[in-house]
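Report on the following structure.
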Amino acid sequence: MSTDPQTMTLFMLVRTSPAWLALPPPERFAFFHAHVEPLLTAQPAVKLRFYDAEFYDARVSDVLVWETADQAAYRAIVEGLRETPFWDHYFHIVDIIPAIENAYADHYDAKVIGAAA
């Protein structure tokens with residue numbers, strides 16, 4: 001089993017609010033530039049990918065995929081988001097699912113199954 005810090009992936013399932021959808025797209029991008037980008041800049045150990053899901057799921061409109069080996073940095077971003085209208089005004093947080101890719105392989109010192117092999 002590895003003792004190195006592992007990269008954690010956190011799947012944040014969110015649903016847009018009517019307030020977000022009422023904003024014109026340029027204002028949506030401006031919001032992310034003003035409120036989310038500074039949090040990411042302050043915590044360079046955390047990477048974010050953003051996926052649209054509203055065409056396939058009625059409960060979740062977007063999935064934010066956070067990756068980091070630094071849990072404190074991730075927590076700092078979440079605390080920062082909670083202090084902005086992102087949290088529960090523009091987006092309702094449906095669920096957060098933390099995961100470690102291929103942890104079973106590390107635990108059992110086994111070959112990775114699938115595409116990451």
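Excluded from the calculations below are hydrogen atoms, water molecules and symmetry mates; all remaining heavy atoms, backbone and side chain alike, are included. This chain uses plain numbering: 1 for the first residue, then up along the sequence. Please read all numbers here as calculations on a predicted model, not as lab measurements.
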*asked:* If hydrophobic clusters are built by linking Ile, Leu, Val, Met, Phe, Trp and Tyr wherever their side-chain heavy atoms come under 4.5 Å apart, do I96 and F50 end up in the same one?
replied: yes
Review item, side-chain donor-acceptor pairs of residues 71-92, under 3.5 Å, at least two apart:
{"from": "T84", "atom 1": "OG1", "to": "L81", "atom 2": "O", "distance (Å)": "2.8"}
{"from": "T84", "atom 1": "OG1", "to": "F86", "atom 2": "N", "distance (Å)": "3.1"}

_Show every side-chain hydrogen bond (donor to acceptor under 3.5 Å, both in side chains) that has at least one partner inside residues 60-70, sequence neighbours left out._
R49-E67
*May I ask whether L21 and F31 are part of the same hydrophobic cluster, defined by side-chain heavy atoms of I, L, V, M, F, W, Y residues being less than 4.5 angstrom apart, directly or through others?*
yes
*Tracing side-chain links under 4.5 Å among I, L, V, M, F, W and Y, which residues wind up in one group with V94?*
F11, L13, Y51, V60, V63, V65, I97
*Cluster partners of F55, using ILVMFWY side-chain heavy atoms under 4.5 angstrom, listed by chain and number?*
Y56
_Pairs flagged by side-chain hydrogen bond (donor to acceptor under 3.5 Å, both in side chains) wherever residues 8-34 is involved - sequence neighbours left out_ = H33-E37
*Crowded around F32 CZ? As in, over 12 foreign heavy atoms under 6.0 Å?*
yes
*Could you grab the distance from atom CG of L10 to atom CE of M12, nearest 0.5 Å is fine?*
7.5 Å
*In the single-linkage hydrophobic clustering (I, L, V, M, F, W, Y; side-chain heavy atoms under 4.5 Å), do M8 and Y104 co-cluster?*
no
